[in-house]
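Just so it is clear, the structure is predicted and the values come from calculations on it, not from any experiment. These numbers come from the heavy atoms of this one structure, side chains and all, not from hydrogens, waters or symmetry mates.
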Amino acid sequence: PELERLAAVASQSPVEVPEAATPPSLTQEVVPDVSDQEAAALTALLRRLGAEDALARKGLFRIPGDATNCAAARERLAAGDDIASSLDVDDAATLAKGWFRDRPGLLPRSVNEALRAAAEACADDEVFAGQARELLDGVPVVRDLLSLLNAVARREADNAMTPENLAICWAPNVFVLDPNSAASVADLQPAIRIAARLVEVGD
């Protein structure tokens, strides 16, 4: 679904000039506000997905949850109900992906580009991990997501989810520079590469 959404955006006309063509000095970043309640809902979902049964679920994040259950759970989470721990694993995974998809721009463009530059410059994973940790210090929701994804990747023997598989699932929701621009499809592969590297280095 994420790839189809990006392809649909790219096919719209007229085609907009990709944001990357705008001089960096003129690029204004807008990071959406996240309320305490929204952050608490995400934390609860990530905690659910870090449970033993979730980490061992084959195809975690690739298998969609039940649409009806997810719609009802989304409303209850938005209302502050503490239901995450009782959610089906695939429903929780779908809701977590939707949480990020509904909030494009959580990862500021400057941080995204700096992460890519650091990955290009650092062959040593430990050095890259240190730089990534500093860059993500101000984006705790993305840092927490990556910590979970690293835990999932470490259970690859159980869930069949490699860092690359996880990156394919998550890059369109978090790591594409501008998901609403015509350049988003061309940027998907670089976004997948940086997401996979970040998942690999983990904490």
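- Thr94 contributes a side-chain N or O that, together with a main-chain N or O of Asp90, makes up a donor-acceptor pair within less than 3.5 Å.
- With a 4.5 Å cut-off on side-chain heavy atoms, Leu106 and Val174 do not count as touching.
- A donor-acceptor pair under 3.5 Å is absent between the side-chain atoms of Asn159 and the main chain of Gly59, judged by distance alone.
- Applying the ring pair (Phe, Tyr, Trp, His ring centres under 6.0 Å) rule to pairs touching residues 33-79 yields Phe61-Trp170, sequence neighbours excluded.
- Side-chain contact between Ser184 and Asp187: absent, with no pair of heavy atoms (C-beta onward) separated by less than 4.5 Å.
- The closest donor-acceptor contact from the side chain of Gln37 to the backbone of Ala78 lies under 3.5 Å.
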Can I get a per-line list of side-chain donor-acceptor pairs under 3.5 Å for residues 40-50, giving both atom names and the distance, sequence neighbours left out?
{"from": "Thr43", "atom 1": "OG1", "to": "Ala39", "atom 2": "O", "distance (Å)": "3.0"}
{"from": "Arg48", "atom 1": "NE", "to": "Leu87", "atom 2": "O", "distance (Å)": "2.8"}
{"from": "Arg48", "atom 1": "NH1", "to": "Asp53", "atom 2": "OD1", "distance (Å)": "3.0"}
{"from": "Arg48", "atom 1": "NH1", "to": "Asp53", "atom 2": "OD2", "distance (Å)": "3.4"}
{"from": "Arg48", "atom 1": "NH2", "to": "Asp53", "atom 2": "OD2", "distance (Å)": "2.9"}
{"from": "Arg48", "atom 1": "NH2", "to": "Leu87", "atom 2": "O", "distance (Å)": "3.1"}

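- In this structure the side chain of Ile63 never reaches within 4.5 angstrom of the side chain of Lys58, judged on heavy atoms.
- Side-chain N or O atoms of Asp178 include one that pairs as donor or acceptor with a backbone N or O of Asn180 at under 3.5 Å.
- Test Arg62, Glu156, Arg154 against Met161 for side-chain contact (heavy atoms from CB on, under 4.5 Å) and you get one pass: Arg62.
- Between the Glu113 side chain and the Ser110 main chain, no donor and acceptor come within less than 3.5 Å of each other.
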Dump the intermediate steps for side chain to side chain contact (heavy atoms under 4.5 Å, CB included) on Leu77 and Trp99, then the final yes or no.
CA-CA 11 Å; Leu77 287 168; Trp99 193 99; over 6 Å; no
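- Under the 3.5 Å distance criterion, the side-chain polar atoms of Asp125 are left unmatched by any main-chain donor or acceptor of Val201.
- At distances below 3.5 Å, not a single donor-acceptor pair connects side-chain atoms of Asn173 with backbone N or O atoms of Gly98.
- Of the possible donor and acceptor atoms, none in the side chain of Arg116 sits under 3.5 Å from a partner among the backbone N and O of Pro190.
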